[in-house]
Asker: 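Next up is a structure, given as structure tokens.
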Amino acid sequence: MFVLKRTEGRARRGLFHTPHGDIETPFFMNVGTAAAIKGGVSSVDLRELKTRVELCNTYHLHLRPGDDIIYKMGGLHKFMNWDKPILTDSGGFQVFSLSKLRKIKEEGVYFASHIDGRRLFIGPEESMRIQSHLASTIAMAFDECVENPAPREYVQRSVERTTRWLGRCIDEMARLNSEPSTINPKQMLFAINQGGTYDDIRVEHMKTIGGMGLDGYAIGGLAVGEPTEVMYHILDEVLPYAPADKPRYLMGVGTPSNIIEAVWRGVDMFDCVMPSRNARHATIFTWGGIMHATNERYKLDERPLDPQCDCPACRNFSRAYIRHLFKAGEQLAGRLAVQHNLYFYNTLMDRINEALDEGRFGEFRDKYSPLLESKLED
RNA sequence: GGGCGUGUUCCCGAGUGGCCAAAGGGGGCAGACUGUAAAUCUGUUGCGUUUCGCUUCGGUGGUCCGAAUCCACCCGCGCCCA
């Protein structure tokens, strides 16, 4: 259940009740595709990184270790020792990102495993069954994430199919949740809005799925190559048609600035690989802008990555040391940087919440939306 | 002392007469990354007034229209014989 506490323009401040605890919105989810945050950060570490939700992936866990294994191990929460909410992505994004290895049909998608080439099939029912086995807090509907740009006719037909798939997801999820062997019978289901960059298709799709009674509504298929302004425009056009009493989730987004701008337009939930992936590649988000930890200028810098941060990395180590770790290829570099970036994103959401509570989010946006995407100056 | 071999740009290393400022690695420097097939990928790495000019391949001096490449001597290093 979602409770809207207050608004500022279209920006929303709320509380999302889940079977695994309440979450203040807006919030950011930390991506651990294969039931682990890449870079060597465990669910125990996440507790001191202010993580609200961990996101895992249906496709990846189905392939390895197998959702049957996780089911037998009691579900994902128990498996990775994380008692807060988990959101599982449906495999829909892999329809997009593994485009060379798949074939889309009405019944679902035929994949070749990226691990060993084995043929497999995932359709709406399979995705729901896998996610039910994983026993996540929130399951995502199985969709097609359309590439960009794509012909209007293709996008139109794809979206109609995604809607039909949604109906099958709803039916299958209801059936699975009523079975006594189900680990999490209160598993929630979110729908995903698609439509590429055609806002009329997006709006029609949102109106349709908005009437289908889901637990939340996601916007997918953005930040896949289109200009940022196009993404913002679509949010402006589509969000007014998303049910106001349900959380809105912008999938796979994004930069700190993208998040601020999307909250401004009415989004409540985010996830992105950017903080963790960029951290492993030595790109660090700070309250003064973006820095590359390997840059020569930090060779003798005794300051922490971000002097305004109190994450485990910033409390204990210097830029000079972390630069050295990266240069030396030490795994600790990635781990510390990932801890920092996740803490930064989670703290960003704290500050957004505070600004909304105090009715000064507009001011916050004016200052931080440009600052956080600038290069860190010294 | 004699024989054989070897010396290339920051390092290793290819190149044995022109297509060589010189392959390929490494290292350095910089950048990208948005529901993770990503601890990955890209650019750059002699100097300059940059569709061209200059300096460079242990040193010096030659041969040649032309030399990192051929010749002579010298210097350094390696192995073998004394």
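Every chain is numbered from 1, with letters handed out A, B, ... down the list of sequences.
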Asker: Please report the shortest heavy-atom distance between Ser90(A) and Asp143(A), naming the atom on each side.
Answerer: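 Heavy atoms only, the tightest pair is OG-OD1, 3.8 Å.
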
Asker: Which nucleotide, if any, forms a Watson-Crick or G-U wobble pair with rU6(B), using both distances under 3.5 Å?
Answerer: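 Result: rG76(B).
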
Asker: Any side-chain N or O of Arg277(A) less than 4.0 Å from the OP1 or OP2 oxygen of rU34(B)?
Answerer: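 Indeed, a polar side-chain atom of Arg277(A) lies that close.
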
Asker: Side-chain N or O of Asn57(A) less than 4.0 angstrom from OP1 or OP2 on rA37(B)?
Answerer: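 No, because none of the side-chain N or O atoms of Asn57(A) sits under 4.0 Å from OP1 or OP2 of rA37(B).
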
Asker: Looking only at heavy atoms, what is the nearest atom pair of Pro26(A) and Ile352(A), with distance?
Answerer: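 Minimum heavy-atom contact is CG-CG2, 4.1 Å.
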
Asker: Per the atom types in the model, does the base of rG35(B) pair as donor or acceptor with the side chain of Asp143(A) at under 3.5 Å?
Answerer: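 Answer is yes: a donor-acceptor pair is held.
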
Asker: Counting only side-chain nitrogens and oxygens, does Arg323(A) get under 4.0 Å of the OP1 or OP2 atom of rC29(B)?
Answerer: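 Yes, Arg323(A) has a side-chain N/O under 4.0 Å of OP1/OP2 on rC29(B).
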
Asker: Whole angstrom is fine here: how far is it from CE in Met291(A) over to P in rG31(B)?
Answerer: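 Atom-to-atom, Met291(A) to rG31(B), this comes out as 11 Å.
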
Asker: Should the side chain of Gln194(A) and the base of rG35(B) be counted as holding a donor-acceptor pair, with the cut-off at 3.5 Å?
Answerer: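 Per atom types, the contact qualifies.
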
Asker: For rU40(B), which nucleotide is its Watson-Crick or G-U wobble mate, given both distances must be under 3.5 Å?
Answerer: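 The base-pairing partner of rU40(B), which may sit in any strand shown, is rA32(B).
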
Asker: Let me know the distance between CE of Met269(A) and P of rU34(B), rounded to the nearest Å.
Answerer: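 Rounded to the whole Å, the gap is 20 Å.
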
Asker: Against the six-membered ring of Phe2(A), is Lys246(A) placed for a cation-pi contact (under 6.0 Å from the centre, within 45° of the normal)?
Answerer: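 Because its charged atom misses either the 6.0 Å distance or the 45° angle limit, Lys246(A) does not stack over Phe2(A).
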
Asker: Between rG35(B) and rG24(B), how far apart are the P atoms? Round to whole Å, please.
Answerer: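 rG24(B) and rG35(B) have their P atoms separated by 34 Å.
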
Asker: So does Glu363(A) have more than 12 non-hydrogen atoms from other groups sitting under 6.0 Å from CD?
Answerer: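 No, because the 6.0 Å sphere around CD of Glu363(A) holds 12 heavy atoms or fewer from other groups.
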
Asker: When all nucleic acid strands are considered with a 4.0 Å heavy-atom cut-off, which category describes Leu250(A): base, sugar-phosphate, or nothing?
Answerer: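 Touches nothing.
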
Asker: Do Arg265(A)'s NZ or CZ and the ring of Tyr232(A) fall within the cation-pi criteria of under 6.0 Å and 45°?
Answerer: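 Yes.
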
Asker: Look at His60(A) and rU36(B) and indicate whether a side-chain polar atom (N or O) is within less than 4.0 Å of OP1 or OP2.
Answerer: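 Checking His60(A) against rU36(B): no side-chain N or O falls below 4.0 Å of OP1 or OP2.
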
Asker: When the nearest nucleotide of RNA chain B is assigned to Ile37(A) and to Gln331(A) on a heavy-atom basis, which residue is associated with the more 5' position?
Answerer: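 The residue closer to the strand's 5' end, by nearest nucleotide, is Ile37(A).
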
Asker: Given the P atoms of rU8(B) and rG58(B), what is the spacing between them in whole Å?
Answerer: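 Each nucleotide's P atom is 6 Å from the other's.
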
Asker: Mind calculating the distance between CG (Asn30(A)) and C1' (rU34(B)) to the nearest angstrom?
Answerer: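 Nearest whole value for this atom pair: 15 Å.
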
Asker: In the structure shown, which nucleotide is the Watson-Crick or G-U wobble counterpart of rG1(B), with both distances under 3.5 Å?
Answerer: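 Looking at the geometry, rG1(B) pairs with rC81(B).
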
Asker: Considering only the C1' atoms, how many Å lie between rU55(B) and rU50(B), rounded to the nearest integer?
Answerer: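 Going atom to atom, C1' in each nucleotide, I get 15 Å.
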
Asker: Send over the distance from Ile219(A) CD1 to rG35(B) P, rounded to a whole Å.
Answerer: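 From Ile219(A) CD1 to rG35(B) P: 16 Å.
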
Asker: Say whether His62(A) and Asp67(A), considering side chains only, have a donor N or O and an acceptor N or O under 3.5 Å apart.
Answerer: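 Present: a donor and an acceptor within the cut-off.
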
Asker: For RNA chain B, whose closest nucleotide is more 5', that of His114(A) or that of Thr283(A)?
Answerer: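 Its nearest nucleotide being more 5', the pick is Thr283(A).
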
Asker: Need the pair for rU55(B). Rule: Watson-Crick or G-U wobble, both distances under 3.5 Å, any strand; none if unpaired.
Answerer: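 When the pairing criteria are applied, nothing turns out to pair with rU55(B), so the answer is none.
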
Asker: Searching all strands shown, indicate the nucleotide that pairs with rC70(B) (Watson-Crick or G-U wobble; both distances under 3.5 Å).
Answerer: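 For rC70(B), the partner nucleotide comes out as rG62(B), under the 3.5 Å rule.
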
Asker: Tell me what Asn295(A) touches on the nucleic acid: a base, only sugar-phosphate, or nothing, going by heavy atoms under 4.0 Å.
Answerer: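 Contact class for Asn295(A): sugar-phosphate only.
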
Asker: Please give the distance between the C1' atoms of rG78(B) and rU44(B) as a whole number of Å.
Answerer: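 36 Å, rounded to whole Å.
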
Asker: What verdict does the side chain to side chain donor-acceptor pair (under 3.5 Å) test give for Thr255(A) and Glu373(A), after you've listed the backbone C-alpha separation in whole Å, the side-chain angles of each residue and the deciding distance to 0.1 Å?
Answerer: CA-CA 8 Å; Thr255(A) 66; Glu373(A) 70 179 1; 5.0 Å; no

Asker: Starting at CE of Met274(A) and ending at C1' of rA38(B), how long is that distance when rounded to a whole Å?
Answerer: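 Atom CE in Met274(A) sits about 13 Å away from atom C1' in rA38(B).
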
Asker: So does Gln94(A) get a side-chain nitrogen or oxygen closer than 4.0 Å to the phosphate oxygens (OP1/OP2) of rA37(B)?
Answerer: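 The answer is yes; a side-chain N or O of Gln94(A) sits under 4.0 Å from OP1 or OP2.
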
Asker: Give the rounded distance in Å between these two atoms: CZ of Arg280(A) and P of rU36(B).
Answerer: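 Those two atoms, CZ and P, are 12 Å apart.
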
Asker: Under 4.0 Å between a side-chain N or O of Lys38(A) and OP1 or OP2 of rU40(B)?
Answerer: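 It does not, given that no N or O in the side chain of Lys38(A) lies less than 4.0 Å from OP1 or OP2 of rU40(B).
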
Asker: Roughly how many Å apart are rC74(B) and rC29(B), using the P atom of each and rounding to a whole number?
Answerer: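 Taking atom P in both rC29(B) and rC74(B), they lie 44 Å apart.
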
Asker: Indicate, with a heavy-atom threshold strictly under 4.0 Å, whether Lys100(A) touches base, sugar-phosphate, or nothing.
Answerer: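 Lys100(A): no heavy atom of the nucleic acid under 4.0 Å.
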
Asker: Take atom C1' in rU69(B) and the same atom in rU6(B), then report the distance between them in whole Å.
Answerer: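 The same atom, C1', in both gives a distance of 15 Å.
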
Asker: Do His60(A) and Thr33(A) meet the criterion of a side-chain donor-acceptor pair at a distance under 3.5 Å?
Answerer: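 Side-chain D/A pair, His60(A) to Thr33(A): absent.
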
Asker: What's Asp271(A) touching, base or sugar-phosphate or nothing? Going by heavy atoms closer than 4.0 Å.
Answerer: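 Since only primed, P, OP1 and OP2 atoms lie under 4.0 Å of Asp271(A), the category is sugar-phosphate.
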
Asker: Given rG31(B), rA39(B), rG35(B), which nucleotide is nearest the side-chain atoms of Lys375(A)?
Answerer: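 The answer is rG31(B).
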
Asker: Are His292(A) and rA32(B) close enough that a side-chain N or O sits under 4.0 Å from OP1 or OP2?
Answerer: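 Yes, because at least one side-chain N or O of His292(A) sits under 4.0 Å from OP1 or OP2 of rA32(B).
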
Asker: Just checking Gly32(A): base, sugar-phosphate only, or nothing, at a heavy-atom cut-off of under 4.0 Å?
Answerer: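 Gly32(A): no heavy atom of the nucleic acid under 4.0 Å.
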
Asker: Provide the distance between the two P atoms, one in rU49(B) and one in rC54(B), to the nearest whole Å.
Answerer: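 Per the computed distance, 16 Å lies between those P atoms.
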
Asker: Suppose we define a pair by two distances each less than 3.5 Å, Watson-Crick or G-U wobble; what does rU50(B) pair with here?
Answerer: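 Partner of rU50(B): none found under 3.5 Å.
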
Asker: rG28(B) and rG15(B): how far apart are their C1' atoms, nearest whole angstrom?
Answerer: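 Pairwise C1' distance, rG28(B) against rG15(B), rounds to 24 Å.
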
Asker: Counting any heavy atom closer than 4.0 Å, what does Leu55(A) reach on the DNA or RNA strands: base, sugar-phosphate only, or nothing?
Answerer: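 Here Leu55(A) touches the backbone only, sparing every base.
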
Asker: Using the rule side chain to side chain contact (heavy atoms under 4.5 Å, CB included), only one of Thr208(A), Ile192(A), Leu214(A) pairs with Leu166(A); which is it?
Answerer: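 Between Leu166(A) and the candidates, side chain to side chain contact (heavy atoms under 4.5 Å, CB included) is satisfied uniquely by Leu214(A).
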
Asker: Measure the distance from CZ on Phe326(A) to C1' on rU40(B) and round it to the nearest whole Å.
Answerer: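 One finds 13 Å between C1' of rU40(B) and CZ of Phe326(A), rounded.
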
Asker: Starting at CG of Asp89(A) and ending at C1' of rU36(B), how long is that distance when rounded to a whole Å?
Answerer: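 Spelled out: CG on Asp89(A) to C1' on rU36(B) is 11 Å.
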
Asker: So does Ser97(A) reach the base of rU36(B) with its side chain, donor to acceptor, closer than 3.5 Å?
Answerer: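 Absent.
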
